[in-house]
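Since the structure is predicted, the reported quantities are computational estimates derived from the model, not experimental observations.
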Amino acid sequence: MNLVQYSDSLLSVVPPLLAVVLAITTRRVLLSLGLGIVAGAILLNDYSPLAALQYIVNKVVGLVWADGAVNSGNVNMIIFMLLLGGLISLMTATGATKAFAEWGVRRCKDRRSANMLTGLMVFAFFIDDFFHSLSVGPICRPVTDRFNISRAKLAYLLDSTAAPVCVITPISSWGAYIIAILSGILVTNHITDISAISLFVQMIPMNLYAVFTLLMVIVVIFFQLNIGPMRQHEAWAEEGKLWDESKGHPKGLEITTESEGQGTMIDMVLPILTLTVSSVIFMIISGAEVLSAKGEAFSLIASLEHTDLGASLVNASLCSLAVSILLALRLKLPRKTWLTAAPQGVQAMIPAIIILLFAWTIGTVVSDMSTGQYLASLTKGGFPTELLPALVFILSCAMSFATGTSWGTFGIMLPLAGDMAVASDAHLLMPMLSAVLAGSVFGDHSSPISSTSILSATGAGSHHMDHVMTQLPYAITVAFGALLGYLAMGILSSTIAGIAVSSVWFLACCTIHLRRHKKQLQAVTA
């Protein structure tokens, strides 16, 4: 099938832009994604309806069957989600989630400590952002619900800890992927005085968006800082309305059972510990098998670079489910509970999977439209060298926002930024690569078509667009500070100066918002 090329045309941004604008204005995600897919298909097939229909069918089928074989990456992720739904349903049936909620209520004295518990869970689920959002959300939701914390706030805490931690952690699916790209950049540009893992570690403090997003989460937790639409959602939550009830019940991972067993914390902790530890083990094993097949020596980072993430998560969830089943057998649950637990878990995941399939489809359409290549081509103008870190940050933000994928942006923008830095000023290599990582995470956080946003809302049991709109003010605040920091890095040729400028902006914004928040509280109590 010959597709029309748009790599040098402004029309390449039409499908993602249409989907984003419609999602924001109509709040109907599936409709918006669907129209974006149709628009892209029509453009790519020279306005032929029949060819466009055939193209869409091929793309949808390709999500699960491509090149004469199962698309294992996507299929494994769907299987993982279904297994995770079954696991959470079973833990609910055994009473494990209730036991955790009661434990959390005893340990958490107020809303602040409940939010803190949610934020700290990222250190147990740092392997992958999907893994984190879909696991931590259902686990912590009973606790946050008890303290009348809005589902939008829970989704924010999930989303704003998952990707920022993953992108600065070498031992994660994100870290392994980024290190693999950095290794190729070093080889291509004949840079031998630094390794890819060392380069990654040195770039961590320069990833201004990720670092200051995590700091913003800390401020939000300790000072109960609510910005923009989040104020309304938290006000509703204090009245017992955990979501915008005018939109109906959110289609999140909500699981209920008629009969709960007398499970304890061990029924929660042991399966989750099994899930986390076995995920790491299977990731290392699958990567080691690839290295062995290539005749290469084993190393931890190298094995993570070559790991099969989807298969690892499926195997880990099977192990965790087996442990949960063995624990549940001692509770002698009624047969009806066993028969309803699995279907409920699967059913709870279906809405998220449907949205994810739409997001994956528009992702392939955007790839065929060459949207990323078009945005990357905008760097070919005669920009001053000092502005390059800020420029690649802005383009990475735009590309990730438009495509809904940070990983796709990494793949396009990191090599481009590396080549630009080497050709202009080698001292800007790390700032420019860091700017790509930062901008990619911002776009992924902010985009309505991002799978990370979709699954964070699912895990939290929040309306998807409510999550996007409540997180946006926090993300934009941090992103603008990061932009100022990259401008300072380029103009002053100093990493410390860039961090200092971003810090000043961050402190100033937090001070202003906290003072405003204090005045609002005083007005309410007066």
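Closest of all the heavy-atom pairs between K153 and N115 is CG-OD1, 4.1 Å. Among all heavy-atom pairs drawn from F212 and I499, the shortest one is CZ-O, 4.0 Å. Taking each heavy atom of L437 and F410 in turn, the nearest pair found is CD2-CE2, 3.6 Å. A pairwise comparison of heavy atoms in A237 and I149 identifies CB-C, 4.0 Å as the closest pair. For the residue pair A402 and V366, the shortest heavy atom distance occurs at O-CG2, 4.4 Å. Residues G119 and T161 share a closest heavy-atom pair of O-CG2, 4.4 Å.
Interatomic distance, L22 CG to L17 CG, rounded to the nearest 0.5 Å: 9.0 Å. For the atom pair NE2 of H467 and OG of S150, the computed distance is 11.5 Å after rounding to the nearest 0.5 Å. Note that CH2 of W360 is 10.0 Å distant from CD1 of I454, once rounded to the nearest 0.5 Å.
Checking side-chain atoms of S493 against main-chain N and O of M489 turns up no donor-acceptor pair under 3.5 Å. With hydrogens and angles disregarded, a donor-acceptor distance shorter than 3.5 Å links the side chain of S9 to the backbone of L11. No donor-acceptor pair under 3.5 Å is formed between the side chain of Y374 and the backbone N or O of V13.
The only member of T118, T144, L117, V136 that meets side chain to side chain contact (heavy atoms under 4.5 Å, CB included) when paired with L157 is T118. Here the rule is side chain to side chain contact (heavy atoms under 4.5 Å, CB included) with M432, and of V392, V422, L414 only V392 fits it. Checking each of S453, S451, S447 against I449 for a side chain to side chain contact (heavy atoms under 4.5 Å, CB included) leaves exactly one that passes, namely S447.
Using a 3.5 Å distance cut-off with no hydrogens or angles, the side chains of S133 and S456 do pair a donor with an acceptor. With 3.5 Å as the limit, one finds no donor-acceptor pair spanning the side chains of K241 and N148.
Ring geometry for Y209 versus F442: interplanar angle over 60°, hence perpendicular rather than tilted (30 to 60°).
Counting non-hydrogen atoms of other residues, nucleotides and ligands closer than 6.0 Å to CD1 of I496 gives a total of 12 or fewer.
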Please lay out, stage by stage, how Q471 and S446 fare under the test side chain to side chain donor-acceptor pair (under 3.5 Å).
CA-CA 7 Å; Q471 180 165 261; S446 308; over 6 Å; no
Evaluate T452 against D444 for side chain to side chain donor-acceptor pair (under 3.5 Å), listing each step before the verdict.
CA-CA 7 Å; T452 306; D444 201 6; 3.2 Å; yes
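For H513 and F223, the ring centers sit 6.0 Å or farther from each other.
Looking at D145 and R151, a side-chain N of the basic residue comes within less than 4.0 Å of a carboxylate O on the acidic one, giving a salt bridge.
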